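Chain identifiers are assigned alphabetically (A, B, ...) following the order of the sequence lines, protein sequences preceding nucleic acid strands; residue numbering begins at 1 within each chain. Given the structure is predicted, the values throughout are model-derived calculations rather than measurements.
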Amino acid sequence: MEYDFREIERKWRKFWADNQVFKVEDNLAKPKYYVLDMFPYPSGAGLHVGHPLGYIASDIYARYKRLKGFNVLHPMGYDSFGLPAEQYAIQTGQHPEETTKENILRYRDQMDQVGFSFDWSREVRTSNPDYYKWTQWIFSQLFDCYYDENQNKAVRINQLIAEFNRAGNVNVKATHDCDRVFSAQEWSGFNATQKEAILQQYRLAFLADSWVNWCPALGTVLANDEVINGLSERGSHPVEQKLMRQWSMRIKAYAERLLNGLEKLDWTDSIKDQQRNWIGKSQGCSVIFETEDQQNSIEVFTTRPDTIFGVSFLVLAPEHPLVKSLTTAEFSEKAEEYIRVSSLKTERDRQANVKNISGQFIGSYAVHPFTGEKVELWIGDYVLASYGTGAVMAVPCGDQRDWDFARHFNIEIKNIFESVDISEGAHTEKEGKIAASDFLTGMTVSDAMNAAIQKIEEKQIGKGKTNFRLRDAVFSRQRYWGEPFPVYYKEGLPHIIDAKYLPIELPEVEKYLPTEDGKPPLGNAQVWAWDTVDNQVVDNINIDNQTVFPLELNTMPGWAGSSWYFLRYMDPHNHAEFVSKEKVDYWKNVDLYIGGSEHATGHLLYARFWTKFLYDLEYISFDEPFQKMINQGMILGRSSFVYRLPNGKYVSYNQINGQDVVPIHVDISMVDNDKLDIEAFKNWRSDYANAEFILEEDGSYICGHEVEKMSKSKFNVQTPDELIEKFGADTLRMYEMFLGPLEQSKPWDTKGIGGVHNFLRKLWRLFHDQEGNLMILDDAPSAESLKTLHKTIQKITTDLEKFSFNTGVSNFMICVNELTEQKCHHRLVLRDLLLLLSPYAPHITEELWEKMGYESGSINFTAFPTFNPEYLVESAFSYPVSFNGKVRFTVELPADMSKEDIEKHILGLEQTQKQLDGNQPKKMIVVPGRIVNVVV
RNA sequence: GCCCGGGUGGCGGAAUUGGUAGACGCGCUGGAUUCAAAAUCCAGUACUGCAAGGUGUGCGGGUUCGAUUCCCGCCCCGGGUACCA
């Protein structure tokens, strides 16, 4: 019987599904292991061969862990809210839910074909009301909390209110945006609106007017990580700054913990560094400069307090609140013009003109806190209003931008560094000694830093401070296809709908576009008001602002649902809680997370933030979601090209010979081994129907190729479906792993897939005789076969532990090659081989397992073979003998021979004497079991 | 600019973390089998040289008995990031 992979794979997929083989119970008696893939957004394009790469790796690992006796949680779901479905809806009028469902069906079908061992009974979809009910609930918890910096955790807002009632906010240490200090008496005098306005400045989910990245083309705001070089991540549309009233998340409160938490995670340095940079902690100090007229004071933030005597001017952001009052009449016109011009610049313009130095003197001066000298005040848009204090002390000798600015505007450049030349640029290195700086003179930079901060604090003109680049995260989107907020507005104040009435389901709308008066799409909904008596969503006509109120029109961003989905898998059908304490205490956090590195500063940061928050409230017992993470590389496409000559003929690649040609992408399905199917090409498009060719000598047309990202427009997309049809899922799984290290990006090339397919056929033959009948021998295997087997057990095990899946495949090939040569048909060897291979190639191994007479469908729940080193003991070793490091010959010697004996033996050899050519060896290096080196 | 990766045959990639560079697969060459093809099997395949040999892991140095591996200085490619004070 031949290896009929189609029949075999169909059979086992059905068996697994019918018997729910991979359904996992919360078996508290067994040790747990949680293997998770980043869940996909189900796009209309379906999966290409790049998508399953990570899923295959995680599936192999999950199956391996099961064989090792772990209770493995290995779920899958869909991040099913998102922009593409909504834009498709705008174009076609089709409800995003419909398209999303269709896409999910296609994804599921494609994933099923690969033979993954997901427990589909735990599937989650973020757009499912049963799911987003809890996303809304978590939002309401964030709304109900503030961050207490004394306890260093999130605490219920009631406790803050109690403190306000007791003593105002004088003693409160919390992360907040509140710039006023009030007493208990004042607090009790505030009305409800005033009180809530203040509370908003403390809540972890809060409403605030903030500068946001507004994308007019998409009609929505975007988070910082959704903006790349001033353009939207999706669609590359321009983004501008706009002041809007938006929901935000006070992620800043967690900056320090998000930074420190990275230490204990088993992630790549690259991702950790990206998060560190994004969080952007910088230590320094604030310094207050009094203005010359002593009417105002300007606070700056600096990381170089040691250079305070090098200050020659201050620069304020054009948006700085004091600019207006500090500008003298003489300069007001110029200053206003400068402010106007810079406000028109989008973030993108500002970035594009980084080299352009611009600024404006505003006519007044500050006073240097130590020297009492006058310091010019300037505005310049290289200073950002949103970072630090929105003002900097400029030290041209120590900072290149300040140096450029000073040079450009002809401002004095003081040198406060000992024997450093600053005529051609600033001295930015933190080394050397400080000069001409009063009490700092003669100190090293680091000593001077400490001394300066100490003095500044003594004089009460500032204090040591830590700044973070991390901004609070905007949480409102002007979209339809996202989670609605459980929020209604009463007298302009947001009120949270009680958890027992959740979910608040997305309303039906006629159009998915913003309303004519610029409200978000939910503004089109007819039934979108909250009845506080009946506690339900009712028609807008009932709004009386007495008992029925308008609901929030924004929806939540894409990262809301993906920030906690890994928890829901543990308890996906729980209607009473987002996850039960018992289950989350058993499964804990994800042991192995596999996904792309493009989520470094988005999803991975937000998920960590929400995890820490839920930990603070003691809903979960761990504060990092993903212990170990592997980022699979991108699989690139291999595009094929035909070349058109100016005369319209198509010339084969090797016949171009430097002629002027236009390369044209051709669909890779028409190309086999770079050879073009000419008929298919002619039939592809009408304008190619009469194409003429200049062919190779053998009459074929050879295409050129290039490695590029896979995309429809380049006709280089390879879907898994057609490969599975042609070679089977087991072949595809092993081939994707064989391509190279998981983390590396690599070009997709179908050429080698035949080699992997041959391997499986060869494996099949190992279990059968020449006539194709099953042939399993029950007598004792040879020592040689046992050696092959145990060598393989050892290698496969270490490869799996190192996630080196590509070398794993090689080692299987070596093993099967050796066993074939040994004509090994022994039960004991083949049984273990099947177990070893089953994580990689589950279908063929289930089939052979069953044929060998073992229980059907049990192979993934048996036990992984254990390595026995006894079988590998060698009696002899073939020593490479080198002279001055160059290997000249090898010699077979007993493995237990002593160093001295080896040395003697080698020296006595004729070959050695020949190599020595009459010279005396200076020295001999003998590494037992490794190498012999003779130094001449 | 800065921060992470990476550079090994015609190609994808191996190499116990200082010990025989190029495993495994693809491709290619030759052969067996076949009426023929497919499939399968065997042999060869870093470069150079008739050969002995010589040269080879981006480039230039260094440490070492011995370096793809460690150190110093460059070059190139990929990813991230930036008037962040």
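- Counting any heavy atom pair closer than 4.0 Å across all strands shown, A/Asn758 reaches sugar-phosphate atoms only and no base atom.
- Within the 4.5 Å cutoff, no side-chain heavy atoms of A/Phe409 are placed close to those of A/Phe313.
- Here, B/A15 and B/U69 have their C1' atoms 10 Å apart, quoted to the whole Å.
- Take the nearest nucleotide of RNA chain B for A/Val809 and for A/Asn467: the residue whose nucleotide is more 5' is A/Val809.
- A salt bridge is absent between A/Arg407 and A/Asp404; no separation between the charged side-chain nitrogens and carboxylate oxygens falls under 4.0 Å.
- Here, B/A67 and B/G61 have their C1' atoms 14 Å apart, quoted to the whole Å.
- Looking at the side chain of A/Val887, the nearest of the listed nucleotides B/G25, B/A85, B/U20 is B/U20.
- Comparing the C1' positions of B/G58 and B/G5 gives an interatomic distance of 16 Å, to the nearest angstrom.
- Taking atom C1' in both B/C59 and B/G53, the straight-line distance is 27 Å, to the nearest Å.
- Applying the side chain to side chain contact (heavy atoms under 4.5 Å, CB included) criterion to A/Glu299, with sequence neighbours excluded, gives A/Ser286, A/Ile288, A/Thr389, A/Lys465.
- Under the ring-ring contact (aromatic ring centres under 6.0 Å, His included) criterion, A/Phe289 pairs with no residue at all, not counting sequence neighbours.
- Between A/Glu821 and A/Thr788, every side-chain heavy-atom pair lies at or beyond the 4.5 Å cut-off.
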TODO: Let me have a per-nucleotide readout for nucleotides 1-16 of chain B, 5' to 3', with B, S or -, counting only protein heavy atoms under 4.0 Å.
DONE: --SSS------BSS-B

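- Rounded to whole Å, the P atom of B/G49 lies 50 Å from the corresponding atom of B/U81.
- The neighbour count for A/Lys628 NZ, taken as heavy atoms of other residues, nucleotides or ligands under 6.0 Å away, is above 12.
- Contact annotation for A/Thr389: no contact, since no heavy-atom pair falls under 4.0 Å across all strands.
- OP1 or OP2 of B/C41 lies within a sub-4.0 Å distance of a side-chain N or O belonging to A/Arg765.
- Annotation: B/C75 and B/C65 have their C1' atoms spaced 32 Å apart (nearest Å).
- Counting to the nearest Å, the C1' atom of B/A39 and the CZ atom of A/Phe727 are 14 Å from each other.
- Every residue two or more places apart in sequence or in another chain was checked for a ring-ring contact (aromatic ring centres under 6.0 Å, His included) with A/Phe738, and none qualifies.
- Of the candidates B/C41, B/U20, B/A85, B/C41 carries the atom nearest the A/Lys762 side chain, counting heavy atoms from C-beta on.
- Note on A/Arg761: only backbone sugar-phosphate atoms sit closer than 4.0 angstrom, heavy atoms only; bases stay farther off.
- With sequence neighbours left out, A/Asp269 forms a side chain to side chain contact (heavy atoms under 4.5 Å, CB included) with no residue at all.
- Under a 3.5 Å cut-off, the side chain of A/His825 and the backbone N or O of A/Phe767 do not form any donor-acceptor pair.
- Considering only residues two or more places apart in sequence or on other chains, A/Glu900 meets the side chain to side chain contact (heavy atoms under 4.5 Å, CB included) condition with A/Ser898.
- A gap of 15 Å separates the C1' atoms of B/A14 and B/A46, to the nearest Å.
- Remark: the backbone N or O of A/Leu604 is not paired with any side-chain donor or acceptor of A/His599 at under 3.5 angstrom.
- By the rule that a glycosidic angle within 90° of 0 means syn, B/G9 counts as syn.
- Partners of A/Leu636 by side chain to side chain contact (heavy atoms under 4.5 Å, CB included), not counting sequence neighbours, listed by chain and number: A/Met634, A/Val707.
- Distance from the side chain of A/Ile814 is smallest to B/C24 among B/A85, B/U20, B/C24.
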- [ ] Produce a footprint string for nucleotides 60-65 of chain B: one letter per nucleotide, 5' end first; B if the base is under 4.0 Å from any protein heavy atom, S if only the sugar-phosphate is, - if neither.
- [x] -----B

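- Look at NZ on A/Lys281: it is 21 Å from P on B/A82, rounded to the nearest Å.
- Under 4.0 angstrom from either OP1 or OP2 of B/A23 there lies no side-chain N or O belonging to A/Asn817.
- The main-chain N or O of A/Val881 is never found under 3.5 Å from a side-chain atom of A/Arg888 such that the two would form a donor-acceptor pair.
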Open item on the list: Dot-bracket for RNA chain B, please. Rules: Watson-Crick or G-U, both distances under 3.5 Å, ( ) within the strand, [ ] when a pair crosses earlier ones, | for another strand, . otherwise.
Closed with: (((((((..(((......[....)))((((((.......))))))(((....)))..(((((..]....))))))))))))....

Kindly give the atom pairs (protein nitrogen or oxygen, nucleotide nitrogen or oxygen) under 3.5 Å for nucleotides 52-55 of chain B.
{"from": "B/G54", "atom 1": "OP2", "to": "A/Arg888", "atom 2": "NH1", "distance (Å)": "3.0"}

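- Listed by chain and residue number, nothing satisfies the side-chain hydrogen bond (donor to acceptor under 3.5 Å, both in side chains) test with A/Glu892 (two or more places apart in sequence, or in another chain).
- Under the salt bridge (Lys or Arg N to Asp or Glu O under 4.0 Å) criterion, A/Lys252 pairs with no residue at all, not counting sequence neighbours.
- If you take NE2 of A/His757 and C1' of B/U40, they are 14 Å apart, rounded to a whole angstrom.
- Nearest nucleotide to the side chain of A/Phe301, out of B/A85, B/G25, B/G80: B/A85.
- Nucleotides B/G31 and B/G19 place their C1' atoms 38 Å apart, quoted to the nearest Å.
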